[in-house]
Amino acid sequence: MQNEFSLYAQVLVDIHARALDKPFTYGIKQEHAGKIAVGSAVKVNFNNRLIMGFVIDISDKPPVFYGKQFEIKPIEEVAAPDSLWDKEMLDLAGWMQKYYGCSFLDALKVLIPAPVRIKKDGSMPEDPKVKMAVFVAEPEESWDKFEKRSPSQAAGLKFLQEQKTPVKLADAVKQTGLSHTGFSSLAKKNLIEIYEGSPSFQYFHRFPAQVSGEFELTDDQQKVLDDMLGKIHSGKPGVAMLYGVTGSGKTEIYLRIIKQILEEGREAIALIPEISLTPQAIERFRSRFGEEIAILHSRLTGTERRLMWWKIRRKEVRVVLGARSAVFAPLENIGVIVVDEEHDESYKQERDPRYNARQVAVKRAMQHNSLVILGSATPSLESFHYAKQKKYDMYRLPARVGESNLPSIELINLKEDFSNKEKRFGLIGDTLKQEIQDTLNKDEQVILFINRRGYSAFIMCRECGNVLRCPYCDITLTYHKSDGLMKCHYCQYERPAPSICPICQGVKLIMPSLGIQEVEDELAEFFPGVPFIRMDKDTTGEKDAHTKIIREFADGKAKILLGTQMIAKGHDFPGVTLVGVILADVSLYLPDFRSLERTYHVLTQVAGRAGRRNTPGKVIIQTYNPKTPVLQAVARQNYEDFFKWEIDNREALNYPPYARIVNILLTGSNQEAIREYSVNFSDLLRKKQFRSVFIAVLGPAPCPLSRIKNRYRWHITIKTHNVPKTVAVVKAVLARYPNPTDTGFFMDIDPVSLM
Ligand code: ADP
Ligand code: ZN
């Protein structure tokens with residue numbers, strides 16, 4: 001049987017099973033010689049089934065068998081003759097497997113999108129053609145007259161104008177309610193154009209980019225640019241933290257660096273959070289790089305994704321702009337990777353493989369010896385810490401370019417803000433009420449923000465604002481109504497719910513409930529007849545509901561927008577001059593070690609919704625804890641103050657960046673089975689031989705969100721200095737003590753949320 005084949009391939013079969021997460025040897029037949037390479041997708045016979053597989057190595061030596069001999073089967077078919085994964089990508093997949101504890105298969109699959117992998121012959125499919133519509137001109141008569149004469153056509157035209165790029169006609173019909181015939185008559189009047197085209201290639205084929213001029217850089221910008229280029233040319237580019245407030249000209253730096261990189265014959269990736277993949281951002285990049293750019297986003301169809309991938313692979317474009325997964329773009333000679341808003345949680349994928357695009361960017365940049373720029377006005381604590389420690393280089397842009405001012409932020413102490421004593425436990429205090437009234441009087445708009453994300457019950461003292469915490473984990477204790485206990489969701493600490501505040505002996509202990517409904521009721525009572533609109537999970541269930549609400553508010557149809565964190569990011573509303581935060585304490589006291597950091601980010605973000613044009617904005621933050629350093633730092637808009645405070649907390653309790661966290665999540669419908677398995681599993685982890693690997697093993701405990709979609713959730717939280725070793729230990733224990741078949745076992749490295 002030996003030497004039956006002249007070449008042997010290591011093939012990873014496309015079956016998701018922990019035991020199969022290793023390559024199997026197959027022979028390469030003569031007829032396939034030259035058609036199969038490392039990185040090819042192939043079909044193999046696996047247990048008498050024809051299965052897709054991926055070649056991850058090739059050798060001319062047959063495998064060595066110890067003991068039992070196996071028959072080596074040939075690869076049956078070549079699914080994709082081009083090799084999809086190159087050496088660098090296979091290395092990256094190997095790194096992800098070790099670092100994130102994911103399977104090699106999951107890593108390979110996230111590297112190459114499914115539509116690219118599954119195409120059998122690797123040929124380019126037809127560019128899908130659909131009816132597209134695009135704005136051409138404003139109505140000849142005035143907008144007002146047009147609107148009076150034909151309101152629905154005016155709405156359709158306005159919609160297309162706002163889009164700034166062509167959209168699918170079907171989408172335009174759906175979103176505006178104007179019929180196909182209505183759009184056709186707009187086209188007849190030459191106000192819009194309707195044509196057959198491809199939705200994703202709108203940016204490339206139909207409208208060549210208008211390449212626009214550049215500004216003179218400010219002195220600050222010039223210095224940052226020069227220093228970064230110096231680093232690149234030194235041959236040791238490293239990681240650059242670009243720290244600068246919104247509007248300080250960070251994007252301009254990205255554009256200049258990328259331009260320089262292209263001139264030097266290399267390529268670039270720019271990541272921006274999905275939510276901010278707005279036409280404006282895209283246009284800005286396109287205006288500099290024209291046809292050189294590919295844009296990846298979640299709305300691409302499978303075919304579009306495949307076309308785009310091959311366009312990049314064939315070097316038809318050299319700049320890739322996109323959200324999280326664009327970090328895997330198949331460029332081969334990367335000179336710079338930009339991660340804008342590097343703190344953004346959308347860079348973390350919350351399903352397997354649970355990678356963080358920011359970390360992958362740093363890893364890939366190392367492989368290419370290229371620069372990574374991590375840009376933010378409110379950096380992640382980790383990145384800023386590394387910059388302070390000089391592991392990263394720090395670049396600062398301290399001031400906004402031009403005139404515009406940051407909004408003013410005021411903290412309101414809710415304890416003292418209800419003149420009407422009967423209303424003492426209301427949600428909208430006197431100050432916010434007055435500010436809303438003043439804003440409405442000026443015919444400006446208001447955003448009210450309710451931060452309920454992952455809300456869980458806690459008990460707070462109305463007198464002193466105190467909240468009960470775990471003495472070991474410094475995490476807010478969660479109140480459990482059923483047994484009247486306060487519990488820590490990291491360790492097993494619990495205590496009875498107090499009836500008197502342990503700090504001030506106050507007796508007004510409350511459980512802030514924060515229903516949107518209650519805020520709505522108060523609004524209706526205080527501002528009768530004022531139209532307001534609500535945006536949260538309940539009102540945005542339908543597809544496009546989100547866009548509709550945004551549009552209605554932008555058009556001024558509603559004066560007040562009341563919403564959850566959904567409203568915090570993205571859209572600009574020029575009419576908004578007041579932002580009110582109903583109760584900052586809720587996010588402050590989430591049972592998560594990142595709750596303060598997240599509070600800082602989200603409050604800064606919502607604050608940024610106020611007064612974005614010429615009118616300065618105002619932000620009112622209601623809280624029972626106005627002295628809390630985080631809120632003080634938010635009010636002063638001083639990230640470094642916040643950082644100094646929080647970094648000490650992290651150090652004291654061995655939270656990141658002083659230690660790494662590996663969170664093991666167990667889910668299942670049988671609560672008792674999960675509990676028992678979690679307890680046993682954590683006992684195994686605590687065995688003496690593993691002690692040096694971990695700093696601490698916390699739990700098991702129910703997750704703060706203890707039940708989602710009828711599945712119970714438990715977790716074990718490990719603090720460690722050595723992630724790869726920890727991952728290896730967890731895997732080894734798991735191999736010896738596998739989870740019951742009906743339970744899910746997930747490992748999350750450097751989790752962004754422990755909820
Ligand atoms: P950031 O990315 O930090 O939010 P931007 O790069 O978007 O900042 O810059 C904010 C605004 O200032 C943009 O409208 C940009 O076009 C403009 N801008 C940036 N740099 C300059 C400059 N040197 N001169 C004039 N305008 C600039
Ligand atoms: Zn605890």
Side-chain angles (χ1 to χ4, degrees), residues 164 209-229 240-261 268-290 293 295 319 321-323 336-344 346-347 358 361 371-380 383-384 387 393-407 568-574 601 604-617 637-640:
K164 295 195 177 73
Q210 302 284 319
V211 175
S212 73
E214 297 181 344
F215 321 94
E216 277 292 304
L217 290 183
T218 63
D219 291 349
D220 286 334
Q221 284 174 317
Q222 190 64 50
K223 179 162 184 349
V224 167
L225 181 69
D226 291 344
D227 289 353
M228 282 188 184
L229 290 176
M241 160 102 258
L242 179 55
Y243 166 53
V245 293
T246 318
S248 59
K250 295 186 294 294
T251 309
E252 194 57 37
I253 299 284
Y254 309 149
L255 297 168
R256 300 284 175 117
I257 294 270
I258 293 173
K259 182 161 175 265
Q260 178 64 32
I261 289 291
I269 296 176
L271 304 181
I272 55 184
E274 176 80 40
I275 195 89
S276 64
L277 274 172
T278 54
Q280 296 95 301
I282 292 171
E283 268 320 295
R284 229 169 134 193
F285 273 80
R286 239 171 61 85
S287 75
R288 295 295 166 84
F289 305 116
I293 193 165
I295 293 150
V319 183
L321 176 67
V336 65
I337 305 180
V338 171
V339 186
D340 189 31
E341 310 284 353
E342 61 89 30
H343 62 277
D344 197 281
S346 73
Y347 286 127
R358 180 178 81 219
L371 179 74
V372 200
I373 307 177
L374 307 179
S376 179
T378 57
S380 63
S383 297
F384 204 71
D393 299 308
M394 176 91 87
Y395 302 85
R396 291 168 193 261
L397 288 174
R400 283 194 160 183
V401 179
E403 308 276 280
S404 67
N405 292 310
L406 292 166
K569 291 194 207 177
H571 288 265
D572 279 3
F573 300 108
H601 288 153
T604 306
Q605 224 155 32
V606 277
R609 303 293 108 201
R612 305 189 39 99
R613 301 291 141 87
N614 301 322
T615 351
Q637 298 173 67
N638 189 328
Y639 173 80
E640 295 201 67

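Note: hydrogens, waters and symmetry copies are ignored here, and every other heavy atom, side chains too, is used. Ligands are counted one by one from 1 in listed order, and the atoms in each one are counted from 1 as well. Since we're looking at a predicted model, the values are computed, not measured.
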### Task
Salt-bridge test for Glu252 and Arg288: reply yes if a basic N is under 4.0 Å from a carboxylate O, no otherwise.
yes
### Query
Which atom names give the shortest non-hydrogen contact between Gln221 and Ser248, and what distance separates them?
NE2-O, 4.0 Å
### Residues in side chain to side chain donor-acceptor pair (under 3.5 Å) contact with Lys223, at least two apart in sequence or another chain
Asp227
#### Entry: N/O donor-acceptor pair under 3.5 Å between Tyr347 side chain and Leu271 backbone
yes
### Query
Can you pull the residues with any heavy atom under 4.0 Å from ligand 1?
Phe215, Glu216, Leu217, Thr218, Gln221, Val245, Thr246, Gly247, Ser248, Gly249, Lys250, Thr251, Glu252, Arg284, Val401
### Query
For Tyr243 and Phe384, what are the C-alpha separation, side-chain angles and deciding distance, and is it a side-chain contact (heavy atoms from CB on, under 4.5 Å)?
CA-CA 9 Å; Tyr243 166 53; Phe384 204 71; 3.8 Å; yes
### Query
What heavy-atom pair brings Tyr639 and Ser380 nearest, and what distance separates the two atoms?
OH-O, 3.7 Å
